[in-house]
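Accompanying notes for the structure given below.
Sequence lines set the chain letters: A, B, ... in the order given, protein chains first and strands last, and positions in each chain run from 1.
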Amino acid sequence: MRKYAVIAALLTAGVSLGWLSARFMMQNAAGAGSTTDGGWAEITLTNDNLRSTYESGYYLWQGKVPPPHHVRLFRRAKDDEGNTLRGDCAIQIEGTIPEARWWVVNTDGASPSGSVSAGTAIREANGDVAITVSQSPVPGNWIKPGAASSYTLQLVLQNASAPTGQKLVLPAVKRLWC
Amino acid sequence: MAKYVFWVIFSALLGFAVHLAYILFVPSQKFSAQIDATLRNQGTNKFEILDAKLQAALLPFATTDDLVGLCKFDVSKGSVKLAVAVPEGYWTLSVYTLHGKQVYALNGEQADTQSFTVTLSKSPSLMSQILGDDADVAPATDGDIGWRVGLGENQGLAFLWMPQSDQWQRQEAASLLSTSSCSLQIADGS
């Protein structure tokens, strides 16, 4: 009798671990990304590699359409000092946005957020942008994050001049206040 | 303990199989069911401009200012012709299967025209149909400026996305894009 109980426990453990590891890896794939550039993780979706299956699974699971292959999508859940991005804190994204046909910065959280795009951004004289993400409005480029306690920042480059895989210098993300 | 070695290895292999099966099938099935529910009011083989909030919820790269046209297509009864008129500016057309796999993409620079057609049909290739591979693409043959796209699956979604700076620009662009159409072309021999 004990033998059968051990076998049943082993099989249950195998199935549970397989299921849980799949859920965990899928949930974290879009945050881990393929490559990282100064805290930003790039999501590279193609139809021909296993990592993409996890990354696109992240979107499919939420009923969202995975970003098209020509999009270079960068995500991060922490600022430059390693603090988790939280809805009750203010951060600033500052620096140069890489050359692309179009770009947008927004947040990916439980509820929809605002965004700043190539068409709406107010730029510095040298072409750099400074975007504040905070609950209360601030002058200049401002994004209100969703109500979630934590969120992920997204930078989407449409038809970037630099091809996928080429390293890019991406803007810094600094905490302003909490 | 040695008597359980077989069952330990068997359980590990079973776990691996569950992991793979989950990753390969569950998200795409869930996506298909969720899309059916989300787009239940969108007609099949009909071109429609999406509501701003719906597009931002559906497309992780789109904002509420952008303009997104959608054709939810079904090529099981014949080809579906997408006749698109776009305003000047950057745009992309992305075709996905109903399981969320991108099979075709076109952008304004590649098309180099503001009026074109894309004819979607079932791929004649049996391997494409079985594997759900990328689309077979060829130039249009019916005198239109455009492309013919053979698909591995019957149903899918074609998104025409155009970034806009504000709601006023969005409305302007929407008036031209709304003249686009998506229609079933060829009856299935019956």
For the candidates Thr120(A), Ile7(A), Val156(A), Thr53(A), which exhibits the highest count of non-hydrogen atom pairs separated by less than 4.5 Å from chain B? Ile7(A)

[X] versus chain B, heavy atoms under 4.5 Å apart: side chain, backbone, both or neither?
{"X": "Val65(A)", "value": "both"}
{"X": "Val15(A)", "value": "both"}
{"X": "Ser56(A)", "value": "neither"}

Does one hydrophobic cluster hold both [X] and [Y], with members joined at side-chain heavy-atom distances below 4.5 Å?
{"X": "Val116(A)", "Y": "Trp142(A)", "answer": "no"}
{"X": "Val84(B)", "Y": "Leu176(B)", "answer": "no"}
{"X": "Leu17(A)", "Y": "Met25(A)", "answer": "no"}
{"X": "Val138(A)", "Y": "Ile131(A)", "answer": "no"}

Less than 4.5 Å to any heavy atom of chain A: does that hold for the side chain of [X], its backbone, both, or neither?
{"X": "Ser94(B)", "result": "side chain"}
{"X": "Ala17(B)", "result": "neither"}
{"X": "Thr92(B)", "result": "side chain"}

Atom pairs and distances, donor-acceptor, side-chain atoms in residues 6-15 of chain B, under 3.5 Å, two or more places apart:
from     : atom 1 : to       : atom 2 : distance (Å)
Ser11(B) : OG     : Leu10(A) : O      : 3.1
Ser11(B) : OG     : Leu11(A) : N      : 3.4
Ser11(B) : OG     : Trp7(B)  : O      : 2.8

Walk me through it: do Tyr90(B) and Asn159(A) pass the test side-chain contact (heavy atoms from CB on, under 4.5 Å)? CA-CA 10 Å; Tyr90(B) 181 66; Asn159(A) 281 73; 2.3 Å; yes

Using 30° and 60° as the class boundaries, would you call the ring planes of Trp102(A) and Trp161(B) parallel, tilted or perpendicular?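 Trp102(A) vs Trp161(B) ring planes: perpendicular.
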
Evaluate the side-chain proximity of [Y] to [X]: yes if any heavy-atom separation is below 4.5 Å, no if none is.
{"X": "Trp19(A)", "Y": "His19(B)", "result": "no"}
{"X": "Phe61(B)", "Y": "Gln154(A)", "result": "no"}
{"X": "Lys64(A)", "Y": "Gln34(B)", "result": "no"}

Within residues 20-31 of chain B, contacts to chain A at heavy-atom distances under 4.5 Å involve Tyr22(B), Ile23(B), Leu24(B), Val26(B), Pro27(B), Ser28(B), Lys30(B), Phe31(B)

List the atom of Pro67(A), the atom of Gln102(B), and the distance in Å for their closest heavy-atom pair.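 Here Pro67(A) and Gln102(B) meet closest at O-OE1, 4.5 Å.
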
Might you confirm whether atom CD of Gln114(B) has over 12 heavy atoms from other residues, nucleotides or ligands at distances under 6.0 Å? yes

Top of Thr64(B), Val18(B), Thr38(B), Asp66(B) for chain A proximity - count of heavy-atom pairs under 4.5 angstrom: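 Going by pairs under 4.5 Å, I would pick Val18(B).
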
Quick one: which of Gly100(B), Pro163(B), Ala57(B), Ala105(B) has the most heavy-atom pairs under 4.5 Å with chain A, could you say? Pro163(B)

